[in-house]
**Q** 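Pasting a structure here, questions to come.
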Amino acid sequence: MTESQMLREIHEQPAAATRTIEALTPLRPQIAALAEGRRHVLFAARGSSDNAGLYGRYLLETYAGRPAAMLAPSVFTHYHAAVDLSDTLVVTISQSGGTQELVETQALVREQGAATVAVTNVGDSPLAAEADLALVTQAGPELAVPATKTYLGQTIAMAVLATTLAPDEGARVALDGELAELPGRIAQVIEAGTGVDEAACALAEAMGPTIVTGRGLLLGTALETALKIEETCLRPVRGYSYADLRHGPIAVVRPGAVAVLVAAKDGPLTAAMTELAGSLAERGATVVGVGGDEDFVRACGLHVPAPAAPETLSPIGTIVPAQLVVERLAARLDLDPDNPRGLAKVTQTDAGSPASETR
């Protein structure tokens, strides 16, 4: 079997992660200076980048104590709303940096008084050039349509941003040590590939709905996993937060369904994810767990290990085994993971507009 470009790029992620950490951490003084006096942080993104921004939002609030939220670009590009952003840092995330909607949004929020940070993989892109500060990830060229190493780089940028703005210097130093170890741990998980075949087989044989769920810091990872399954493997998938799933949609879970649960090895929500795994199994679903602690592993029918990391950094590494499962699932379904049907590396948000977001 010919190795896919997507799989090759997954294998490139440990090196890409190391380069990105080394490139972005020296920018902390500029980040801190730009954010000084600005209480709020807003994230603007589309597609996979939106899921990285969701991780950033949770991390800013839970770790750095900064109010954060996701910005709706159309508020500025279509409604032309006048919003006072003089106390706001706006972080715009685009792998290509050429997303016209996001470039325009960045310009418009600056007019409203925001300070702007661009997170992109292309240093000479319009988004990077026009931001107050550019955090350029070092993934290198990404040829497969599904974003893998560029997405990983974005999550690292979120961690650097949050640790910069966190008030506890001691906690930041400790987390920096964990971040430095993460590329090596990611490499170990990729090399081992434990549980990947079994998880892909379960998804391929699903006779009912496929759902993906996570909570808190891992919600963005869950939604990114769902997006990758749907766009790469052409399977209808629903990504839910734990809370949303519990508030009704769990009723559709029945024998033949597959539920993919992503969890951290620690933190206040791991026990709840473990309890959910048991509830879904009782309803007849095949439960595939990614990450989590020992109790979570026991509660899941199938399990794919994630790189060891504290909950604050878990979203960075946990997406990697999920990417491996998606690539293997595409192969089982005789699909080309590098060029999913109907998708391009750069898409557009509005008909007739210039290029928008990379996947």
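Throughout, numbering of the chain's residues begins at 1 and tracks the sequence. Because the structure is predicted, anything quoted here is derived from the model rather than measured. Side-chain atoms are counted along with the backbone in the values below, which use heavy atoms only and exclude waters and symmetry mates.
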**Q** Report the C-alpha distance between L217 and S314 in whole Å, list the side-chain angles of each, state the deciding distance to 0.1 Å, and finish with yes or no for side-chain contact (heavy atoms from CB on, under 4.5 Å).
**A** CA-CA 8 Å; L217 284 160; S314 184; over 6 Å; no
**Q** If I compare all heavy atoms of A204 with all of L333, which pair ends up nearest, and what's the gap?
**A**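 Closest approach of A204 to L333: CB-CD2, 4.2 Å.
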**Q** Between the main-chain N or O of T150 and the side-chain N or O of N121, is there a donor-acceptor pair closer than 3.5 Å?
**A**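 The answer is no, because no donor-acceptor pair under 3.5 Å joins these two groups.
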**Q** Considering only residues two or more places apart or on different chains, which pairs with a residue in residues 20-29 satisfy salt bridge (Lys or Arg N to Asp or Glu O under 4.0 Å)?
**A**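 The answer is R28-D176.
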**Q** May I ask you to decide if A45's main-chain N or O and S49's side chain share a donor-acceptor pair within less than 3.5 Å?
**A**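 Not confirmed, S49 side chain does not pair with A45 backbone.
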**Q** Give the minimum heavy-atom separation between L60 and A68, together with the two atoms involved.
**A**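 Smallest heavy-atom distance, with atoms named: CB-CB, 4.0 Å.
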**Q** Counting only N and O atoms by type, is there a donor-acceptor contact under 3.5 Å from the side chain of Q13 to the main-chain atoms of I10?
**A**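 Yes.
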**Q** What's the shortest heavy-atom distance between F76 and L85, and which atoms?
**A**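 Where F76 meets L85 most closely, the heavy atoms are CZ-CD1, 4.0 Å.
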**Q** Quick check for you: to the nearest 0.5 Å, what is the distance between L302 atom CG and L261 atom CG?
**A**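 Separation between the atoms: 12.0 Å.
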**Q** Check whether L42 and L89 end up in the same hydrophobic cluster, where Ile, Leu, Val, Met, Phe, Trp and Tyr are linked by side-chain heavy atoms less than 4.5 Å apart.
**A**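 Per the 4.5 Å side-chain linkage, L42 and L89 are not co-clustered.
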**Q** For a quick test of reading the model, state the closest non-hydrogen atom pair linking Q106 to E130 and the distance between them.
**A**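 Closest pair (atom of Q106, atom of E130, distance): NE2-C, 3.6 Å.
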**Q** Side chains of Y63 and E311, heavy atoms from C-beta outward: is any pair under 4.5 Å?
**A**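 Answer no - side chains too far apart.
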**Q** Please table the atom pairs, donor to acceptor, closer than 3.5 Å between any side-chain atom in residues 277-293 and protein atoms at least two apart or in another chain.
**A**
residue, atom, partner, partner atom, Å
S279, OG, R246, NH2, 3.1
S279, OG, E275, O, 3.3
S279, OG, E275, OE2, 3.1
D293, OD1, D295, N, 3.3
D293, OD1, F296, N, 2.9

**Q** Give a yes or no on whether the backbone of A162 and the side-chain of R66 come within a donor-acceptor separation of less than 3.5 Å.
**A**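 Pair absent, no side-chain N/O of R66 close to backbone of A162.
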**Q** Would you give me the side-chain donor-acceptor pairs under 3.5 Å for residues 182-194, sequence neighbours excluded?
**A**
residue, atom, partner, partner atom, Å
R185, NH1, E178, OE1, 2.8
R185, NH1, A308, O, 3.0

**Q** So, does D266 use its side chain to make a donor-acceptor pair with the main chain of P310 at under 3.5 Å?
**A**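 It does not hold such a pair.
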**Q** Treat each ILVMFWY residue as a node, draw an edge where side-chain heavy atoms are under 4.5 Å apart, and state whether Y151 and V136 are in one component.
**A**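 Y151 and V136: separate clusters.
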**Q** Does S94 offer a backbone N or O that forms a donor-acceptor pair with the side chain of T120 under 3.5 Å?
**A**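 Yes, T120 side chain to S94 backbone: donor-acceptor pair under 3.5 Å.
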**Q** Could you grab the distance from atom CG of L108 to atom CG of L102, nearest 0.5 Å is fine?
**A**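 These two atoms lie 11.5 Å from each other.
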**Q** Do the non-hydrogen side-chain atoms of V237 and V212 ever get within less than 4.5 Å of each other?
**A**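 In contact.
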**Q** Considering non-hydrogen atoms only, spot the tightest contact between A202 and V258 and give its length.
**A**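 Taking A202 first and V258 second, the nearest heavy atoms are O-CG2, 3.5 Å.
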**Q** Is there side-chain contact between L269 and Y242, with at least one heavy-atom pair below 4.5 Å?
**A**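 No - every pair of side-chain heavy atoms lies 4.5 Å or more apart.
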**Q** Under 3.5 Å, is there a donor-acceptor pair between the side chain of T88 and the main chain of V90?
**A**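 Here the side-chain-to-backbone pair does not exist.
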**Q** Is a side-chain N or O of T137 found less than 3.5 angstrom from the main chain of T20, in a donor-acceptor match?
**A**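 Not at all, since once roles are kept as given, no pair shorter than 3.5 Å links the two residues.
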**Q** Can you tell me which residue pairs pass the side chain to side chain donor-acceptor pair (under 3.5 Å) test with a partner in residues 200-222, sequence neighbours excluded?
**A**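 Qualifying pairs: none.
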**Q** Going by side-chain heavy atoms closer than 4.5 Å, which hydrophobic residues are tied to V297, directly or by a chain of links?
**A**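 Members alongside V297: none; it stands by itself.
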**Q** Any side-chain heavy-atom pair from L227 and S48 closer than 4.5 angstrom?
**A**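 Side-chain contact under 4.5 Å: yes.
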**Q** Would you kindly say whether N51 and E224 are connected by a side-chain donor-acceptor distance under 3.5 Å?
**A**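 Yes - a donor-acceptor pair under 3.5 Å links their side chains.
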**Q** Scan for salt bridge (Lys or Arg N to Asp or Glu O under 4.0 Å) pairs involving residues 148-159, sequence neighbours excluded, and state none if there are none.
**A**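 Qualifying pairs: E12-K149.
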**Q** Within a strict 4.5 Å, meaning less than it, do heavy atoms of the L135 and I31 side chains meet?
**A**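 Result yes, sub-4.5 Å side-chain heavy-atom pair found.
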**Q** If every non-hydrogen atom of T155 is compared with every non-hydrogen atom of L152, which pair is closest and at what distance?
**A**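 It is OG1-O, 2.6 Å.
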**Q** Rounded to the nearest 0.5 Å, what separation is found between the CD atom of Q323 and the OG1 atom of T318?
**A**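 Spacing of CD (Q323) from OG1 (T318) equals 11.0 Å.
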**Q** Is there a path of hydrophobic side-chain contacts, each under 4.5 Å between heavy atoms of I, L, V, M, F, W or Y residues, that connects V109 with L34?
**A**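 V109 and L34: separate clusters.
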**Q** Show every side chain to side chain donor-acceptor pair (under 3.5 Å) that has at least one partner inside residues 251-264, sequence neighbours left out.
**A**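 Pairs touching residues 251-264 that pass the test: none.
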**Q** May I ask whether V262 and V253 are part of the same hydrophobic cluster, defined by side-chain heavy atoms of I, L, V, M, F, W, Y residues being less than 4.5 angstrom apart, directly or through others?
**A**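 No, separate clusters.
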**Q** Taking only residues at least two apart or on different chains, which pairs with a member in residues 108-118 satisfy salt bridge (Lys or Arg N to Asp or Glu O under 4.0 Å)?
**A**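 Residue pairs with at least one partner in residues 108-118: R110-D132.
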**Q** Report the residues that fulfil side-chain hydrogen bond (donor to acceptor under 3.5 Å, both in side chains) with T274, sequence neighbours left out, ordered by chain and then residue number.
**A**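 T274 satisfies side-chain hydrogen bond (donor to acceptor under 3.5 Å, both in side chains) with no residue once adjacent residues are dropped.
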**Q** In Å, rounded to the nearest 0.5 Å, how long is the span from CG of L203 to CZ of R332?
**A**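 Reported value, rounded in 0.5 Å steps: 10.5 Å.
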**Q** To the closest 0.5 Å, what do you measure between OG1 (T105) and NE2 (H78)?
**A**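 The NE2 atom of H78 is 9.5 Å from OG1 of T105, to the nearest 0.5 Å.
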**Q** Not counting sequence neighbours, list each pair that qualifies as a side chain to side chain donor-acceptor pair (under 3.5 Å) and has a residue in residues 30-42.
**A**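 Output for this query lists H40-D87.
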**Q** Donor-acceptor pair, distance only, cut-off 3.5 Å: does the side chain of T163 make one with the backbone of V160?
**A**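 Yes; at least one donor-acceptor contact below 3.5 Å.
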**Q** Ignoring hydrogens and angles, tell me if any N or O in the side chain of E142 forms a donor-acceptor pair with the backbone of E9 under 3.5 Å.
**A**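 Pair absent, no side-chain N/O of E142 close to backbone of E9.
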**Q** Suppose the criterion is salt bridge (Lys or Arg N to Asp or Glu O under 4.0 Å): which pairs have a residue in residues 316-330, not counting sequence neighbours?
**A**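 The answer is D197-R328.
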**Q** Drop me the distance from L313's CG to L59's CG, to the nearest 0.5 angstrom.
**A**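 The distance works out to 7.5 Å.
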**Q** By salt bridge (charged side-chain N to carboxylate O under 4.0 Å, His left out), which residues pair with R57, not counting sequence neighbours?
**A**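 By the salt bridge (charged side-chain N to carboxylate O under 4.0 Å, His left out) rule, R57 matches E61.
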**Q** Group every Ile, Leu, Val, Met, Phe, Trp and Tyr by side-chain heavy-atom contacts under 4.5 Å, then state whether L54 and L71 land in the same group.
**A**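 No, because L54 and L71 fall into different hydrophobic clusters, even though each may have its own neighbours under 4.5 Å.
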